[in-house]
Engineer: 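Could you have a look at this structure, given as structure tokens, before my questions?
All ligand and atom numbering here is 1-based and tracks the order in the structure.
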Amino acid sequence: MKDKISQLKEEFYEKVKGKTLSELKDLEKYFLGRKGKVAELFKEMKSTPKEQRKIFGEKINELKSLMENVLRESIKEQENIEREKKLLQEKIDVTVPGLKLQQGGLHILTKTMLEVEKIFLSMGFDIMTGPEVENEYYNFEALNIPEFHPARDMQDTFYLLNEFLLRTQTSPIQVRTMEKYKPPIRIIAIGRCYRKDPPDAHHFPIFHQVEGLVVDKNVSFANLKGTLSEFTRRMFGESVEVRFNPSYFPFVEPGAETSINFGGWLEMGGSGMVHPNVLKNAGIDPEEYQGFAFGWGIERIAMVKHNIPDIRFFYRNDLRFLEQFK
Ligand code: PHE
């Protein structure tokens, strides 16, 4: 019996060395469990002579509490080690770079409008705006385009209730400006326009124009040519020229189509001397003042400058297109 006790003690020391937490818990069962080694010894003790039982009982109890102490300490130690390990694994490295957010940018049309504004601002122009929902008077009548005038055909638009419509051009801002401010006037107005055009490579029901208007004493066609030439040089480069071809717009006289030579002659928009009727409609005496005006397409400017073959690209929201201009 004595040998068995010391053998078990040896076995215990042998087995408890270098064990993990779950192995220690298994050992606890193996030695101290209800059917464990120590319980076995207690059972065997009953078959030993009566006078030895007390001393064996004490010895086994001694071994039992030794095992309990060692296991408790070892288990505590292993628990600490495993917790440390877990903490190390869960450690957050605050120096790791964050996830990169996708960065947006201005649309190429917005950029073009800002560029146009910057150039005209530096040439002494002010910036005006007008409503996109216009009425027939400003969009047509006041611009010398009476009802049933054939010029209305080219600018068919979206009519709303009560004589309102989506403006077909930025030219109504000419009249709105002249009603509000006395000459000298030197403004541009950039904005969205609408026409009932089916979309193709060069047409879209929504587009943008930059309108220019200068009204003063002694304003001439030469001033118009000089202004658009200077703008063209700054926008497209030193060697690019503007060409004026006679054309008809009811609100200018004489009127001209304007093209630039940027890899062939490309039409940019219309221009001319403000028609006396338009000045009169806005309350300005045509005997005293003259003016010139022009209207160029923003999409045209961007298409020519950036070699964009189709106006629909601007409105498709295809990132492969948009990101080229970020
Ligand atoms: N508003 C005209 C158009 O959209 C362009 C234009 C503007 C022509 C100013 C002459 C003067 O076609």
Engineer: Going by heavy atoms, is Gly255 under 4.0 Å from ligand 1?
Structural biologist: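 Not so, Gly255 does not reach ligand 1.
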Engineer: Geometry only, no angles: is Ser271 polar-contacting ligand 1 at N/O separations under 3.5 Å?
Structural biologist: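 No, since none of the N or O atoms of Ser271 sits under 3.5 Å from an N or O of ligand 1.
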Engineer: Are more than 12 heavy atoms, taken from residues, nucleotides or ligands other than Asn307, located less than 6.0 Å from that residue's CG atom?
Structural biologist: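 12 or below, so no.
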Engineer: Pair Lys280, Glu287 - check salt bridge (Lys or Arg N to Asp or Glu O under 4.0 Å), show working.
Structural biologist: CA-CA 10 Å; Lys280 264 189 251 169; Glu287 301 293 332; over 6 Å; no
Engineer: Hey, is Phe294 touching ligand 1 through its side chain, its backbone, both or neither, going by heavy atoms under 4.0 Å?
Structural biologist: backbone
Engineer: Tell me whether ligand 1 is touched by Trp296 - counting only heavy atoms on the residue side and a distance under 4.0 Å.
Structural biologist: no
Engineer: Write out the residue and atom name of the closest protein heavy atom to atom 12 (O) of ligand 1, then the distance separating them to 0.1 Å.
Structural biologist: Phe249 CE2, 3.7 Å
Engineer: Does a salt bridge link Lys86 with Glu82, judged by any charged N lying under 4.0 Å from a carboxylate O?
Structural biologist: no
Engineer: Answer yes if the side chains of Gln209 and Gln169 hold a donor-acceptor pair under 3.5 Å, and no otherwise.
Structural biologist: no
Engineer: Less than 6.0 angstrom separating the ring centers of Phe231 and Phe120, yes or no?
Structural biologist: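 Yes, they do, as the ring centres are separated by less than 6.0 Å.
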Engineer: Give the atom numbers and elements of ligand 1 that come within less than 4.0 Å of a heavy atom of Gln174.
Structural biologist: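 Those qualifying, in numeric order: 9 (C).
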Engineer: Distance under 6.0 Å and angle within 45° of the ring axis: does Arg312 meet both against Tyr315?
Structural biologist: no
Engineer: Which atoms of ligand 1 sit under 4.0 Å from any heavy atom of Ala293?
Structural biologist: 9 (C), 11 (C)
Engineer: What do you reckon, is NZ of Lys118 surrounded by more than 12 foreign heavy atoms closer than 6.0 Å?
Structural biologist: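 No, the 6.0 Å shell around NZ holds no more than 12 heavy atoms from other groups.
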Engineer: Can you name the atoms of ligand 1, numbered from 1 with element, that are less than 4.0 Å from a heavy atom of Gly295?
Structural biologist: 6 (C), 7 (C), 9 (C)
Engineer: Is Met273 near ligand 1, meaning one of its heavy atoms is under 4.0 Å from it?
Structural biologist: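 Contact absent.
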Engineer: For a ring pair (Phe, Tyr, Trp, His ring centres under 6.0 Å) check, start with the C-alpha distance between Phe244 and Phe221, then their side-chain angles and the critical distance, and finish with the verdict.
Structural biologist: CA-CA 11 Å; Phe244 292 77; Phe221 204 96; 5.7 Å; yes
Engineer: Any nitrogen or oxygen of Ser171, side chain or backbone, less than 3.5 Å from one on ligand 1?
Structural biologist: yes
Engineer: Starting from atom 8 (C) of ligand 1, locate the nearest protein heavy atom and write down its residue, its atom name and how far away it is, to 0.1 Å.
Structural biologist: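 Minimum-distance protein heavy atom for atom 8 (C) of ligand 1 reads Gly270 C, 3.5 Å.
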Engineer: Which atoms of ligand 1 are found less than 4.0 Å from any heavy atom of Gln209?
Structural biologist: 3 (C), 4 (O)
Engineer: Need the ligand 1 atom indices (1-based, order shown) with element for anything under 4.0 Å from a heavy-atom of Glu211.
Structural biologist: 7 (C), 9 (C)
Engineer: If the cut-off is 4.0 Å to any non-hydrogen atom of Gln169, which atoms of ligand 1 fall inside it?
Structural biologist: 1 (N), 2 (C), 3 (C), 4 (O)
Engineer: Is it true that Arg195 and Asp197 make a salt bridge, defined as a side-chain N closer than 4.0 Å to a carboxylate O?
Structural biologist: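 A salt bridge is absent here (no side-chain N lies under 4.0 Å from a carboxylate O).
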Engineer: How long is the gap from CZ on Phe313 to CE on Met303, to the nearest 0.5 Å?
Structural biologist: 9.0 Å
Engineer: Within a distance under 4.0 Å of any heavy atom of Arg195, pick out the atoms of ligand 1 and give their elements.
Structural biologist: 3 (C), 4 (O), 12 (O)
